[in-house]
2 protein chains.
Amino acid sequence: MGERVTIRDVAARAGVSVATVSRVLAGNYPTSTASRAKVLRAVKDLDYVANAHARALAGAGRKTIAVLMFDVVSSFYANVAQGVEMEAAQRGRLTLVASTGSDPARELALVQMMREQAAEAVVLVGGVIEDDEYRERMARYAQALAAAGSRLILCGRPAPAPDVPALVVEYDNEAGAYAITSHLLGAGHRKIALIGYQPGHTTGEDRVAGYLRALADHGVPRDEAILHGIGFGQNHGYEAIMDLLKKAAGRPDFTAVFAGDDRVAAATVIALREHGLRVPEDISVVGYNDDPVAADITPGLTTVHIPAEEMGRTAVRLALAGAPRAGQERHLLGTHIVIRESVRGLRGSRGDGGS
Amino acid sequence: MGERVTIRDVAARAGVSVATVSRVLAGNYPTSTASRAKVLRAVKDLDYVANAHARALAGAGRKTIAVLMFDVVSSFYANVAQGVEMEAAQRGRLTLVASTGSDPARELALVQMMREQAAEAVVLVGGVIEDDEYRERMARYAQALAAAGSRLILCGRPAPAPDVPALVVEYDNEAGAYAITSHLLGAGHRKIALIGYQPGHTTGEDRVAGYLRALADHGVPRDEAILHGIGFGQNHGYEAIMDLLKKAAGRPDFTAVFAGDDRVAAATVIALREHGLRVPEDISVVGYNDDPVAADITPGLTTVHIPAEEMGRTAVRLALAGAPRAGQERHLLGTHIVIRESVRGLRGSRGDGGS
DNA sequence: CTGAAAGCGCTAACAC
DNA sequence: GTGTTAGCGCTTTCAG
């Protein structure tokens, strides 16, 4: 491991002072063409790269952006991460990623590490169970981060309290659920089972709220709502639908199912099929997220597109923008439904995908 | 934006010297219980966290691991990244990710940035077009990185030259292709179309090689091989199969298709279906990667599982292990086939998923 | 066991 | 324009 070449070596080789080297490299200060050339030449000869740590210590250099999330592979998180990375890269920042597994202890440890790194911003992604403990924890993070000169951005999760120095970027979860439920209602469905959401979890709750609101707006009494929430994930969806079918002794008392997310929906389609029920001929199915799986399965899933990558981009854009204010800002991104083939119109009503 | 609290503040508050504070925090040096207590107390009171940059400059502190790859969302890359992150986290390291979009210029810029960061290891992921330019570029990276005390790990891509200080972690691409082709042959298929690989790209070439070898071993003449490579990706698969079908005027001259990856396979299933061909009854289809889509579609795709996450883990494990040697090491991870329902046995031969 | 002091590599006044 | 120099915050000899 040969000795690292430093700015001093470059200066020596170029026959100038370290200050000059620093200046031509920074490019923010007048330097003569002659010395600039000599320095550049030396840099190339020596294959010199500046030490980011030294630079950071001396109070210059770009900082890094950190993203903390449940995991790295789920399509939602992966897309947010991609958005963060792209926007950060475009602005010359490096991106640090870490997964929390939704363990508060690990999350805290990571926030501390980000303080140590003096990250310019830390982006916390994903729904949570919103309680006082959560709000207090976020407030602590935000304060600590702010004191270290960095900013906290909450992405797809609720804001803690109005006076906490955090930015929040969300997408309209409730509206998406409202829209897709309305789509189903518009196609003539009334008995719509909502399955695969996690009670208490913000994301799930918002989707339930949108579903319920749509039902109400279309005159479906609240007690006709069929709710069966048990958590996201493929297995959950499969089990949920099995439960529902069992309860109905094989003769489902619903004509459509609104799955908590697309993976749940995909599992639902499979479970239904195993029971000899066709989608969408017998039962219509919609999902949420516009996960790649939605386009890959047959029938293509009608679902709600959520702007995951855009959230990531927005998060860093906001973080790097203007002066950090004392209070907080909230940005709500839109969703839209993507119509494919998994919904059938009932009794000649409007709708898609049916005959 | 309050002034950052430094080790000096802690020392003052605890009534000891900065050296003592440093020592108790590092915990690698004897200190009296009394001062340890005072220091810890002050740290808590002040909510102090060390400055990672200063620590790095002074030659201590954990370094970071960097992963550079095409993008962050594709399931293969996401899984490798996840493996890297998990293993790094377990060893107290932070992970830096960046996407290259397979642009050599961007890749180079990122390698330079990683040198600046003094990353402990940089992991380059994904197949490439292997030519002299590539080999030379990797050699340069490896040398530069080694000179800065960090290591280059090539993950899922070929090694440059025997004397280059790089580690390589790969999976047995050729063997996987051999195995799945053999599976098809064992089920009685002889006319197997291989579609959706990118000529010149290592990953694609290896799969073709395994396919060809399996054919040869089963007595299928080379000129009966049906190769139609045009690149990975869903659209490519769709187009490829359309081409093939068109060429055969609707009456396919193959009974099975080996798709370059699972997304291509998924598109193939859809394209086939649009032509009134059922999978696996009329045509069997297999993929590669064991992407989530393989389990989500109907029929479930028989495919080759590749140890993406394990590669990521192995990469950092190796990087952090033993002393960096001059030469290079190569690690080949295994693959295995995952049997689902997309292959049908012909004429009573063995096979799965049929009748 | 603890403190003083010398850097780590770079930037940014401050002189010239 | 360019050189000198004082730090940035921490670790680590080197003395006590």
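The chains referred to below are lettered A, B, ... by the order of the sequence lines, with proteins before strands, and numbering in each begins at 1.
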Considering only NZ, NE, NH1 and NH2 on the basic side and carboxylate oxygens on the acidic side, decide whether A:Arg151 and A:Glu120 come within less than 4.0 Å.
-> no
Report, one line per pair, each donor and acceptor closer than 3.5 Å where one atom sits in a side chain of residues 80-87 of chain B; sequence neighbours left out.
residue : atom : partner  : partner atom : Å
B:Gln82 : OE1  : A:Val72  : N            : 3.0
B:Glu85 : OE1  : A:Ser99  : OG           : 2.7
B:Glu85 : OE2  : A:Ser99  : N            : 3.1
B:Glu87 : OE1  : B:Arg313 : NE           : 3.1
B:Glu87 : OE1  : B:Arg317 : NH2          : 3.4
B:Glu87 : OE2  : B:Arg91  : NE           : 2.9
B:Glu87 : OE2  : B:Arg91  : NH2          : 3.2

Sequence neighbours excluded, the answer for salt bridge (Lys or Arg N to Asp or Glu O under 4.0 Å) partners of B:Asp131 is none
Apply side chain to side chain contact (heavy atoms under 4.5 Å, CB included) to A:Val49 and list each qualifying residue two or more places apart in sequence or on a separate chain.
-> A:Arg4, B:Gln112, B:Arg115, B:Glu116
How does protein contact run along nucleotides 10-16 of chain D, one letter per nucleotide 5' to 3', with B for base contact, S for sugar-phosphate only, - for none, heavy atoms under 4.0 Å?
-> BBBB---
Will you find, in the side chains of A:Glu310 and A:Tyr171, an N or O donor that is under 3.5 Å from an N or O acceptor?
-> no
Name all residues meeting the side chain to side chain contact (heavy atoms under 4.5 Å, CB included) criterion together with B:Ala19; count only those two or more places apart in sequence or in a different chain, and write none if there are none.
-> B:Ser17, B:Arg23
In degrees rounded to 10°, what angle is found between the helical axes fit to the five outermost pairs at each end of the helix from C:dC1-D:dG16 to C:dC16-D:dG1?
-> 40°
Residues which pass side chain to side chain contact (heavy atoms under 4.5 Å, CB included) with B:Ser75, listed by chain and number, not counting sequence neighbours = B:Asn79, B:Asp291, B:Pro292
Sequence neighbours left out, what passes salt bridge (Lys or Arg N to Asp or Glu O under 4.0 Å) with B:Arg62? Give chain and number order.
-> none
By side chain to side chain contact (heavy atoms under 4.5 Å, CB included), B:Leu57 pairs with (sequence neighbours left out) A:Asn51, A:Ala54, A:Leu57
Just the endpoints, please: which first and last nucleotides of DNA chain C, 5' to 3', lie under 4.0 Å from a heavy atom of chain A?
-> C:dG9 to C:dA13
Report yes or no: do A:Arg36 and A:Thr31 form a side-chain donor-acceptor pair below 3.5 Å?
-> yes
Only counting residues at least two apart or in another chain, list the ones meeting salt bridge (Lys or Arg N to Asp or Glu O under 4.0 Å) with B:Asp103.
-> none
Which residues within residues 30-42 of chain B lie with some heavy atom under 4.0 Å of an atom in DNA chain D?
-> none
Which of B:Leu124, B:Val125, B:Val67, B:Thr314 passes side chain to side chain contact (heavy atoms under 4.5 Å, CB included) with B:Cys155? It is B:Val125
